[in-house]
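Heads up, the thing below is written out as structure tokens.
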Amino acid sequence: PMSNGPKERWDSISTQAREFVRSALTFSATARPSASELLEHPWLLDSAWDGGKPDMSFVWDGCSNLAKASQFRRACMQLMALSFTDEEQLELTRQGFLKLDTSNS
């Protein structure tokens, strides 16, 4: 996964975070760590997370706005979302994760 796309995307990501992502996205199920093993990864255990909930208000706001939108607008937004390429979808997902990663780790 980290060999796809521009290398610069991963330059600001810590080595431990990259190792976590690389192991979590291992294709072979027999080689991939279990969820329990991933939860014991040093990046998760050593993170600066204080145990509080991350600010997910942008997700709630988006869902709330979508629920209030007209049926026509929701249909248009669904068509727009379906028109994204895989690369664009990955970039939008990456941007969402970066919003959650307040410690840049």
P33 to S23 - nearest heavy-atom pair and separation: CD-O, 3.2 Å
Can you tell me which residue pairs pass the side-chain hydrogen bond (donor to acceptor under 3.5 Å, both in side chains) test with a partner in residues 28-40, sequence neighbours excluded? S28-T30, S34-E37
F20 CZ to L25 CG distance, which is reported to the nearest 0.5 Å: 9.0 Å
Name every donor-acceptor pair, under 3.5 Å, that has one atom in a side chain of residues 64-80 and the other anywhere in the protein, sequence neighbours excluded.
from: N65; atom 1: ND2; to: D61; atom 2: O; distance (Å): 3.2
from: S70; atom 1: OG; to: R73; atom 2: N; distance (Å): 3.1
from: R74; atom 1: NH1; to: A69; atom 2: O; distance (Å): 2.5

Tightest non-hydrogen contact, residues Q16 and H41, listed as O-CE1, 3.4 Å
Here the gap from T93 atom OG1 to Q89 atom CD, rounded to the nearest 0.5 Å, amounts to 7.0 Å
Residues which pass side-chain hydrogen bond (donor to acceptor under 3.5 Å, both in side chains) with E88, listed by chain and number, not counting sequence neighbours: T85
Q95 meets the side chain to side chain contact (heavy atoms under 4.5 Å, CB included) criterion, sequence neighbours left out, with E91, L92
Hydrophobic cluster membership, with links at side-chain heavy-atom distances under 4.5 Å among I/L/V/M/F/W/Y: are V21 and L39 in one? yes
